[in-house]
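Down below is the structure, laid out as C-alpha cells.
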Amino acid sequence: MAVMIPASLRGFVGAICAQAASRRLTPSALRHLTLSSVMKSKRKTDHLERTADVVRREVVSAAKVCGAADESPSVKRLRLLVADKDLSFKAGQWVDFFIPGVSVVGGFSICSSPRLLEQKRMIELAVKYTNHPPALWIHNQCTLDSEVAVRVGGEFFFDPQPADTSRNLVLIAGGVGINPLLSILRHAADLHRERANKGRGYEIGTIRLFYSAKNTSELLFKKNILDLVNEFPEKIACSLHVTKQTTQISADLKPYITEGRITEKEIRYHISKETLFYICGPPPMTDFFSKELESSHVPKEHIYFEKWW
C-alpha cells in the first residue's frame, strides 16, 4: 500500500529523519537530536526525558488518522495509516507521537498486533484523557485525516523466533497499561493461528491475562480480549479485576470478573520455569509484582515491566 506523505508534514518529519539519513546517526546521537530539538518538552516527567536512554528506530514516518472511537469514558482509540513502509515494531513497543503545532512529544504504547501493520499499514493506539498536551490534542482536536508523525521505540516486547523455546505468558495489566499487553496477546494469537494453519512457526504456550481497572467501563478492549479467550480456550484465559465497581456487572462479563485487586497469590500459582511475566501499569503496581516475582525466585530475565506515569 502506497501512502503519500502530506506536504504539511514533510518539513516536520524532516527535522529528525532527514538529519538521521544524511549523517547516518547512531541511536545515541538520534536520541540527542530528539532531545535537543524544538519539540522537546519542558515538563520534568516528559516522555522524551524519561525514555532518553531507550533505543529507538531511525524511521520517523508520517501517519494519518483513519479511525477514532471512544474505548471508555476516559480513553480514545486511534487507528493510524502509516506512510513509511520501512516502519515496523515488536509487540509491546511504543511510539513517539509528533503533532504539528504541538511542542510536546507524546509517548503511547501500540495496542495492535504487528500483523495489522504488515497487512494493512495500520497501527492502533488508546490514549487516556489527561492535561498532557498530546493527550488533550487527541481528545479535543484530533479528527479523521489529522496528520501526525510516529517513531517506534521501547525495550518491552515479545518477539519470539520460530525455533525459540515454547514459553507460557502471564500478562499483568493495570488501567491503560493494557495497551502493550494487548499487542502481545494479539501477536501471540497470530502466532498460534499461523502454526495451526501452516504447521510451522513459533509454538506458543498458554497465556494468562490479569487485568485490573477501577470498574468495568474502564476495562478497555473487553470484547477483543474475550473474543480471543473464546477463540482459543485451550491457550488463552483472563481474569478481570475491578476495584471500585458501583453498578451491576453484566451477565456476559460476570464469569471473568473478580472484585478487588490482583493478588500475589494468583500470580504465584502460575510460576514455572517455562513462564515469562510481562507487567505494565502504574509504577507502584509494576514495582510490587516485579519484586514479588523476584522474591519467588523467578529469574530476572523472565520478568519484563513497563511503567507509565
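Worth saying up front: this structure is predicted, and the values here are computed from it rather than measured. Residue indices begin at 1 and follow the sequence shown.
Contact annotation: the side chain of His132 approaches that of Val104 to within less than 4.5 Å [non-hydrogen atoms, C-beta and beyond]. Looking only at side-chain heavy atoms (C-beta outward), Arg57 and Leu87 stay at 4.5 Å or farther from each other. With contacts defined as side-chain heavy-atom distances shorter than 4.5 Å, the pair Val150/Leu80 qualifies. Side-chain contact between Glu194 and Asp190 is absent, with no heavy atoms from C-beta onward closer than 4.5 Å. By the 4.5 Å heavy-atom criterion applied to side chains, Leu125 and Trp94 are not counted as neighbours.
Classification of Lys128 and Glu71 as a salt-bridged pair fails, no side-chain N sitting under 4.0 Å from a carboxylate O. The pair Arg77-Asp70 does not meet the salt-bridge criterion, since no charged nitrogen lies less than 4.0 angstrom from a carboxylate oxygen. The existence of a salt bridge linking Lys244 and Glu218 is excluded, since no basic side-chain nitrogen approaches an acidic carboxylate oxygen closer than 4.0 Å. Electrostatic pairing of Glu203 and Arg195 counts as a salt bridge here, judged by a charged N lying under 4.0 Å from a carboxylate O. Using a cutoff of 4.0 Å between basic side-chain nitrogens and carboxylate oxygens, Asp227 and Lys223 are scored as salt-bridged. Between Arg151 and Glu58, none of the side-chain N atoms (NZ, or NE/NH1/NH2) sits under 4.0 Å from a carboxylate O, so this pair counts as no salt bridge.
Within the 3.5 Å criterion, the main-chain N or O of Ile271 finds no donor-acceptor partner in the side chain of Thr275. Arg186 contributes no side-chain N or O that, together with a main-chain N or O of Ile225, makes up a donor-acceptor pair within less than 3.5 Å.
Side-chain contact check for Asp96 and His47: at least one donor-acceptor pair (N or O, by modelled atom type) lies under 3.5 Å.
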Counting only pairs under 3.5 Å, give me each side-chain donor-acceptor contact of residues 230-241, with atom names and distances, residues two or more places apart or in other chains.
from   : atom 1 : to     : atom 2 : distance (Å)
Asn230 : ND2    : Leu226 : O      : 3.0
Glu231 : OE1    : Arg193 : NH2    : 3.0
Glu231 : OE2    : Arg193 : NE     : 3.0
Glu234 : OE2    : His192 : NE2    : 3.3
Lys235 : NZ     : Ile204 : O      : 2.5
Ser239 : OG     : His241 : NE2    : 3.1
His241 : ND1    : Gly260 : O      : 2.9
His241 : ND1    : Arg261 : O      : 3.3
His241 : NE2    : Glu266 : OE2    : 3.1

Run the side-chain donor-acceptor check on residues 174-182: report pairs under 3.5 Å with partners two or more places apart or on a different chain.
from   : atom 1 : to     : atom 2 : distance (Å)
Asn179 : ND2    : Ala126 : O      : 2.8

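In this structure, CZ on Phe98 lies 12.5 Å from OG on Ser103, to the nearest 0.5 angstrom.
Taking the six-membered ring where the residue is Trp, the centroids of Phe156 and Tyr304 are separated by 6.0 Å or more.
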